[in-house]
Amino acid sequence: WTGSYSSTSLSGISCLLCLLAAILVFSLKLYAKIVYRLALYQVLSSLGFAMVETLGIIFLNYRQSSVVYGDLCIAFGWLNLYSRWVKLFFTLWVTFHLFCFGALQKNLKKMEPVYIATSTLLPVLIACVPLITHSYGLVSVGACYIHIDNDTQYIAVIEGFALWDGPAMVLLSIAAVAMVVMVMKMSHRVCWRWRYETLTTGDQYWKALKQLLPLAAFP
């Protein structure tokens, strides 16, 4: 029970931080640039995930009233997996966009509708898989996700790893490497500005680097 309350408290703090970050973006009107809009989308997806985790407190009495909470727990399990993938997709797209802009010098601002569509629609398909296999259920006190019991233990573990843990570890590792490469290439261009045709070009790289570095923290 203590662990559940602690997890819920951390999720509540995450909600407040994400909300403050979103308010800051709107107040400073940073959303005018696509890179900041992508960061805003990621903040909002993080807010959604934190809200789902926080609302899990309603399942603290699940074992005493499983009939009442059964269907609701399945719905929250779906929201849990869906919100995780939405956040992951936006993280990957922020990384991809920053890498293309910083390392490859390509501005893909026309890709924004694709970023939004894939980040919100593809997770729907992924989150529906445990619905088909009837895998959603209570996994711990106050937490609904892919349920593991004695009869389907190995299947549930494999399904949980295939639908989240495995892909998340691989994709986030790739994203981390891409961000390191992007920052290194941008820093190299700034440090060797004298090799460019004009000083103005080097100064533009320096300004771009100062704008991109804070965003590199989002992934």
Side-chain angles (χ1 to χ4, degrees), residues 3-4 7-8 10-12 14-15 17-19 22 37-60 62-63 65-97 111-176 218-219:
S4 299
S7 177
T8 302
L10 290 175
S11 298
S14 298
C15 285
L17 292 176
C18 291
L19 186 60
R37 285 201 300 274
L38 291 177
L40 175 63
Y41 300 151
Q42 190 186 30
V43 168
L44 294 177
S45 64
S46 300
L47 176 62
F49 174 66
M51 289 177 63
V52 171
E53 290 288 301
T54 303
L55 291 175
I57 195 173
I58 66 176
F59 296 105
L60 290 177
Y62 180 91
R63 297 188 186 281
S65 306
S66 59
V67 177
V68 177
Y69 290 116
D71 293 337
L72 190 59
C73 186
I74 294 175
F76 265 78
W78 187 93
L79 284 174
N80 191 313
L81 186 58
Y82 173 79
S83 60
R84 291 184 185 205
W85 272 102
V86 171
K87 185 180 185 304
L88 179 60
F89 269 116
F90 275 122
T91 299
L92 295 175
W93 283 130
V94 170
T95 305
F96 174 77
H97 190 86
M111 290 284 292
E112 185 176 3
V114 177
Y115 298 156
I116 297 174
T118 53
S119 298
T120 54
L121 297 180
L122 288 181
V124 173
L125 301 178
I126 298 173
C128 284
V129 174
L131 283 178
I132 299 174
T133 58
H134 305 286
S135 301
Y136 284 127
L138 191 75
V139 294
S140 63
V141 178
C144 292
Y145 192 52
I146 297 177
H147 178 62
I148 300 175
D149 56 33
N150 294 329
D151 297 330
T152 61
Q153 180 177 0
Y154 297 107
I155 297 177
V157 170
I158 293 174
E159 186 176 9
F161 185 83
L163 290 177
W164 174 248
D165 299 286
M169 286 189 294
V170 173
L171 294 174
L172 288 176
S173 297
I174 295 174
F218 279 92

Margin query: So, using side chain to side chain donor-acceptor pair (under 3.5 Å) as the criterion, who are the partners of Y82 when residues are at least two apart?
Written below: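 For Y82, no residue satisfies side chain to side chain donor-acceptor pair (under 3.5 Å) once neighbours in sequence are set aside.
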
Item checked: Set of side chain to side chain donor-acceptor pair (under 3.5 Å) partners for T118, sequence neighbours left out ->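 Here the qualifying residues are W93.
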
Notebook entry, point to check: With sequence neighbours left out, what residues match A22 under side chain to side chain contact (heavy atoms under 4.5 Å, CB included)?
Noted result: L40, V43, L44

Next item on the list: Just jot down the side chain to side chain contact (heavy atoms under 4.5 Å, CB included) partners of C15, sequence neighbours excluded, or say none.
Entry: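 Only L47, A50, M51, T54 meet the side chain to side chain contact (heavy atoms under 4.5 Å, CB included) criterion with C15.
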
Cut-off 3.5 Å, no hydrogens considered: what does the side-chain donor-acceptor table look like for residues 160-176, sequence neighbours left out?
from : atom 1 : to   : atom 2 : distance (Å)
S173 : OG     : M169 : O      : 2.7

Margin query: I'd like to check Y136 versus L81 (side-chain heavy atoms, cut-off strictly below 4.5 Å). Are they in contact?
Written below: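 In contact.
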
Margin query: Below 30° counts as parallel, above 60° as perpendicular, anything between as tilted: where do the rings of F90 and Y41 land?
Written below: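 F90 vs Y41 ring planes: tilted.
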
Checklist line | Qualifying residues under salt bridge (Lys or Arg N to Asp or Glu O under 4.0 Å), relative to R37, sequence neighbours excluded | finding: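 Residues passing salt bridge (Lys or Arg N to Asp or Glu O under 4.0 Å) with R37: E112.
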
Next item on the list: Return the minimal non-hydrogen interatomic distance between V52 and S83, and the atom names on each side.
Entry: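 Distance-wise, the nearest heavy atoms are CG2-OG, 4.2 Å.
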
Notebook entry, point to check: Taking all atoms of both residues into account, what is the closest heavy-atom pair of S46 and K87, and its distance?
Noted result: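 What the structure gives for the nearest pair is OG-CE, 2.9 Å.
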
Scan the side chains in residues 121-131 for donor-acceptor partners under 3.5 Å anywhere in the protein, sequence neighbours excluded, and list what turns up.
none

Next item on the list: Would you list the pairs meeting side-chain hydrogen bond (donor to acceptor under 3.5 Å, both in side chains) in which at least one residue belongs to residues 72-81, sequence neighbours left out?
Entry: E53-N80, N80-R84

Notebook entry, point to check: Mind checking what makes ring-ring contact (aromatic ring centres under 6.0 Å, His included) contact with F89, not counting sequence neighbours?
Noted result: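 W85.
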
